[in-house]
A.B. asks: 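Pasting a structure below so you can have a look.
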2 protein chains.
Amino acid sequence: MAEVTLKDVARASGCSVATVSRVLAGTRPVGAETARTVREAATRLGYRPNHVARALRRRATGTVGLVLPQITNPFFPALVRELEHALHAAGRALLLADCDDDPTTEAARIAEFLDRQVDALVLIPVDERLSREAVADAARRVPVVLLDRGCGPGVADSVAVDNAAGMALVLDHLAAAGRRRPWFVGAAGTTSTAAERRAAYEAGAAALDPQAPGRVELGDFSVAWGREAVDRIWPSRPDAIICANDLIAVGALQRLRQLGAEVPTEVAVVGFDDVPFAGLADPALTTVRQPVGELAAEAARLLGERSGDRAPAVGPSRTVRLTPELLVRASG
Amino acid sequence: MAEVTLKDVARASGCSVATVSRVLAGTRPVGAETARTVREAATRLGYRPNHVARALRRRATGTVGLVLPQITNPFFPALVRELEHALHAAGRALLLADCDDDPTTEAARIAEFLDRQVDALVLIPVDERLSREAVADAARRVPVVLLDRGCGPGVADSVAVDNAAGMALVLDHLAAAGRRRPWFVGAAGTTSTAAERRAAYEAGAAALDPQAPGRVELGDFSVAWGREAVDRIWPSRPDAIICANDLIAVGALQRLRQLGAEVPTEVAVVGFDDVPFAGLADPALTTVRQPVGELAAEAARLLGERSGDRAPAVGPSRTVRLTPELLVRASG
DNA sequence: CAACGGCGGGCAAACGTTATCACCGGGCAG
DNA sequence: CTGCCCGGTGATAACGTTTGCCCGCCGTTG
């Protein structure tokens, strides 16, 4: 039951370890007869290549590290799932680290993964500015792909949804429904998503009402903030509340119900992300769905391309923007 | 910027690689003066040990594989998070695999992790019976801890919540509130949690009403099933609906509202697990909270103990049961 | 003064692969 | 007939650590 190595297979099939390695890896042409014998011996002995030794020799572990802010953020599990599938399809394993929304631990986790010789990193940066240095350092050592959130221009390859397009979808929809007094409830944090969605609102809201772009309340990405924000803005009777993500929207929905406001007749509420419970809210939340599978696939693809080269930072950094989709449900 | 190795540090500090290794690993006493010189050289050159080479030599990678049914199941992210933290505190990294609720891919992922020389495995088995063989095979090679769900007796160490105790908490609470016509909505699947919760209901419900233990409907762990189950049992007007998990409970809540039933005055609804949106439902869901942090910590502890020994299967398998807590909210 | 014990440190052999080099036939062109 | 190329193979040196073994030195002890 002990580990069976190349040497054992070599002995059993009467040829050298080099040959066995070659037939199993298919790295160089080898005699048909020998190949058969070797393969037979390998399966008979139940040979399994030792990934650690292989990694040491090839200087590639076949693992990719994922560092994310908080796996408990309901938007991330689906992303993790798709990423895991995409990486697995490419024969790579996924190391996961949750950095508790803290840039310092984020940097530490990234460093640890680098020490563990990951072939590449997928990062969902905690903060657009505070994460930048650690991300840039990492990008100097291995291929890095930023997922869902950016980290300043030119730092690393990046895959994210087109937040501006998503917001435009929302604003068009609300305009078509005759809404004219929108209000935006966003996040003050310095994640790229928070900033982009707010900017897109401010840029596009004038189409509904010249005053609209100024109607912005900023807190954080939480249900509690959604509730609180409603208390602040409800007195001015908006006819649409656009939330920077679904958590905020769910909070808003809850508070509006408590206040006796009719959704969507009196006021529309829309979210962003389409987290699992967006469709479960009452009324079901209209939201912008992110193409999670495509995001993950694109990230994996970018990683694959970069890893062909030995140097981590050849060519300029690429940015992929995927267009989201508006999911019109009951809330607006 | 190339990799700096032990050899480089040795050269720079004027002693042998062996000595450098010893001072850095602290594995054997070494001269105070030499130690200082070596350490100084190491930090000056920015030496970082190569985990792959170390793993090859030590025959231990410092990684633990986690294979779970579906990361998108809202109960799991919190568990993953806590597990990641606990493992990280022990200096180990977490490899994650999502097997899409399929025992076959589950077995494949386990095998892959074994090939990657993980030091240990944490498994949340998909199915109590269908996962057994793969789990048993794995347990023969490395330490294995079953988390949250079991897999038959004696297969491997196991950490889970005491479902019977949790159900008892629920039944006591409902009895004290004067509920006498409970109904159980569970899952027909063959996961240990589904079976245990149902059994516990059947064992304890008689305290409320001799007929109660028979009032059981089985579907799966989903919101849709919760809705459907309500359609089936509402005609017989239960005064309490006990759901095998929160997803079912949320579905039940939704359908009850549509049917115009008053919760909790007319009928109480309780769930199990305390997933993130349990508190967000309307009315907020009364549920059984699982001690996620403790579960993860206990799993990590078990792993740590087993890994001391070289042989994976010394001593009988241990089972740890943690007692859950009833979270009384608005729904019952 | 001789023998001995222990400490500090170096040498070299692993760990299991893969890559480089050399070798040895045989077929083919000059 | 000689030289050359090439498919097939084996030795062997890495990859970067850890560790068993040995050796020299110093202090202690009989």
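We name chains A, B, ... by the order of the sequence lines, and we start the count at 1 in each one. Keep in mind that this is a model prediction, so the values were computed, not measured.
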A.B. asks: Between P on dG10(D) and NZ on Lys7(A), what's the gap in Å once rounded to a whole number?
C.D. replies: 16 Å
A.B. asks: Between dC15(D) atom C1' and Arg58(B) atom CZ, what is the distance in whole Å?
C.D. replies: 17 Å
A.B. asks: Expressed as a whole number of angstroms, how long is the span from Leu56(A):CG to dG16(D):P?
C.D. replies: 7 Å
A.B. asks: Between Arg36(B) and Glu40(B), does any NZ, NE, NH1 or NH2 come within less than 4.0 Å of an OD or OE carboxylate oxygen?
C.D. replies: no
A.B. asks: Under the 3.5 angstrom rule, does the side chain of Ser21(A) hit a backbone N or O of Val17(A) as a donor-acceptor pair?
C.D. replies: no
A.B. asks: Starting from C1' on dG10(C), measure out to CZ on Arg11(B) and report it in whole angstrom.
C.D. replies: 16 Å
A.B. asks: Taking 4.0 Å as the cut-off, does a side-chain nitrogen or oxygen of Arg59(B) come that near to OP1 or OP2 on dG16(C)?
C.D. replies: yes
A.B. asks: Measure CZ/Arg57(B) against P/dG16(C) and give the value in whole Å, please.
C.D. replies: 10 Å
A.B. asks: Output the rounded distance in Å from CZ (Arg54(A)) to P (dT17(C)).
C.D. replies: 8 Å
A.B. asks: Nearest whole angstrom, please: distance from the C1' of dG16(D) to the CD of Glu3(B).
C.D. replies: 11 Å
A.B. asks: Does Cys99(A) offer a backbone N or O that forms a donor-acceptor pair with the side chain of Asp102(A) under 3.5 Å?
C.D. replies: no
A.B. asks: State, with a plain yes or no, whether a side-chain heavy atom of Leu96(A) is found less than 4.5 Å away from one of Leu66(B).
C.D. replies: no
A.B. asks: Can you check whether Ile71(A)'s main-chain N or O pairs, donor with acceptor, with Asp98(A)'s side chain at less than 3.5 Å?
C.D. replies: yes
A.B. asks: Donor-acceptor check, side chain of Thr61(A) to backbone of Gln117(A), threshold 3.5 angstrom: yes or no?
C.D. replies: yes
A.B. asks: Could you tell me how far apart Gln117(A) (CD) and dC15(D) (P) are, to the nearest whole angstrom?
C.D. replies: 14 Å
A.B. asks: What parts of residues 15-40 of chain B reach DNA chain D, counting only heavy atoms under 4.0 Å away?
C.D. replies: Ala18(B), Ser21(B), Arg22(B), Arg28(B)
